[in-house]
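Counting starts at 1 for both ligands and their atoms, following the listed order.
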Amino acid sequence: MSDLETSLVLMLKSGGMYVTREQIAADLGVSAHDLDGAIEDLRARGYRIDEVPGHGLRLVDVPAVLDDCELETALSTSIIGREIFTFGRVTSTNDVAFSLARSGSPEGTLVIAEEQTRGKGRLGREWHSPPGLGLWFSIILRPKIAAYESATVSLAVALAVAGVLRDVYGVDARIKWPNDVLVGRKKICGILTEAEFRGGSVEFVIVGAGINVLHEAADFPEELRPIATSIAMESGAEVDRVAVISRVLGEVEDKYDRLCRKGFGDIRREILPLSSLIGKMTRVESGKGVTEGVAVDIDETGALVLRKDSGLNEKAVAGDATLI
Ligand code: BTN
């Protein structure tokens with residue numbers, strides 16, 4: 001998307017009224033020829049631009065697919081999304097973001113795809129990522145934190161997503177440690193964090209999030225239907241994917257900024273009341289084995305604290321948690 005196309009979309013969006021070609025060319029300081037080209041390109045991308053002789057142009061509709069211009073003009077963030085890579089189809093946005101991060105892409109780079117052919121879930125699982133229904137995206141972050149604190153980044157992102165679902169869409173979203181967002185027992189958003197470390201510090205973190213937005217129950221494979229849900233299913237409202245991502249990224253930027261400036265303590269206080277595990281008997285399975293106990297806290301490094309039958313606390317730093 002050229003700068004001219006972006007400016008043109010912003011201009012047409014801002015007024016909502018008809019504007020003549022002459023007026024647009026003068027305001028944007030471009031030739032009539034360049035403007036014709038930009039209008040043609042935007043129409044080819046799915047922007048519906050109406051023209052009435054004597055009145056001018058008006059933006060009637062924007063593309064139904066995720067479009068980088070749509071994203072750029074919708075985002076109000078300053079760091080997250082300052083570089084955006086959009087794909088129609090990609091193996092995994094996390095894999096693309098990881099390569100970009102290795103070759104020096106800056107903090108805040110966003111990789112987003114309409115469809116993933118090998119979407120990755122946690123613990124080697126597959127993430128169902130069909131076209132047109134969800135938001136599948138990854139963000140490159142470069143927090144100055146120790147390796148053992150990296151779990152705090154995905155918890156901050158889970159809080160951002162849960163906050164938007166609750167406040168904007170009226171969905172009773174909860175955070176399931178270490179980084180899922182659930183409604184009841186059904187997953188509405190999964191987060192996969194992959195990091196590269198140097199010494200004991202984080203070099204970069206790729207936070208990949210999959211948000212189920214427009215799915216109806218039949219859109220999920222049968223085996224996922226009992227355990228997956230979407231914003232549309234939970235809110236019963238018409239939902240616009242660009243509006244969702246713009247709000248989510250705004251919240252992610254806010255939480256991440258607080259995490260970097262003040263540490264995890266502040267964010268942790270907001271996570272605890274939204275946790276689906278705190279106060280409940282929980283089992284955590286990890287490479288180190290199985291731990292069971294009542295989840296009583298999430299500590300300052302993002303670890304889940306379980307109170308065992310013996311009365312002693314044990315911390316889980318990673319793993320798969322289930323209620324028992
Ligand atoms: C999970 O719940 O197991 C985590 C799911 C994470 C899915 C997202 S979709 C965007 C990004 N790219 C991937 O391949 N995975 C994450």
For Tyr148, side-chain contact (heavy atoms from CB on, under 4.5 Å) partners two or more places apart: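 side-chain contact (heavy atoms from CB on, under 4.5 Å) list for Tyr148, sorted by chain: Ala146, Thr301.
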Plane angle bin for His215 and Phe220 - parallel if under 30°, tilted between 30 and 60°, otherwise perpendicular: parallel
No-hydrogen, no-angle side-chain donor-acceptor test under 3.5 Å, Glu251 and Tyr256: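 No - no donor-acceptor pair under 3.5 Å links their side chains.
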Pair Thr282, Glu292: side-chain N/O donor-acceptor within cut-off below 3.5 Å: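 Result is no, nothing qualifies.
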For Lys176, all residues meeting side-chain hydrogen bond (donor to acceptor under 3.5 Å, both in side chains), sequence neighbours excluded: none
Partner set under side-chain hydrogen bond (donor to acceptor under 3.5 Å, both in side chains) for Arg185, not counting sequence neighbours: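 side-chain hydrogen bond (donor to acceptor under 3.5 Å, both in side chains) list for Arg185, sorted by chain: empty.
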Where does ligand 1 get N/O contacts under 3.5 Å from the protein, atom by atom?
| residue | atom | partner | partner atom | Å |
| --- | --- | --- | --- | --- |
| ligand 1 | 2 (O) | Lys187 | NZ | 2.5 |
| ligand 1 | 3 (O) | Arg122 | N | 2.6 |
| ligand 1 | 12 (N) | Thr93 | OG1 | 3.1 |
| ligand 1 | 12 (N) | Gln116 | OE1 | 2.9 |
| ligand 1 | 14 (O) | Ser92 | OG | 2.7 |
| ligand 1 | 14 (O) | Gln116 | OE1 | 3.4 |
| ligand 1 | 14 (O) | Lys120 | N | 2.7 |
| ligand 1 | 15 (N) | Lys120 | O | 2.8 |

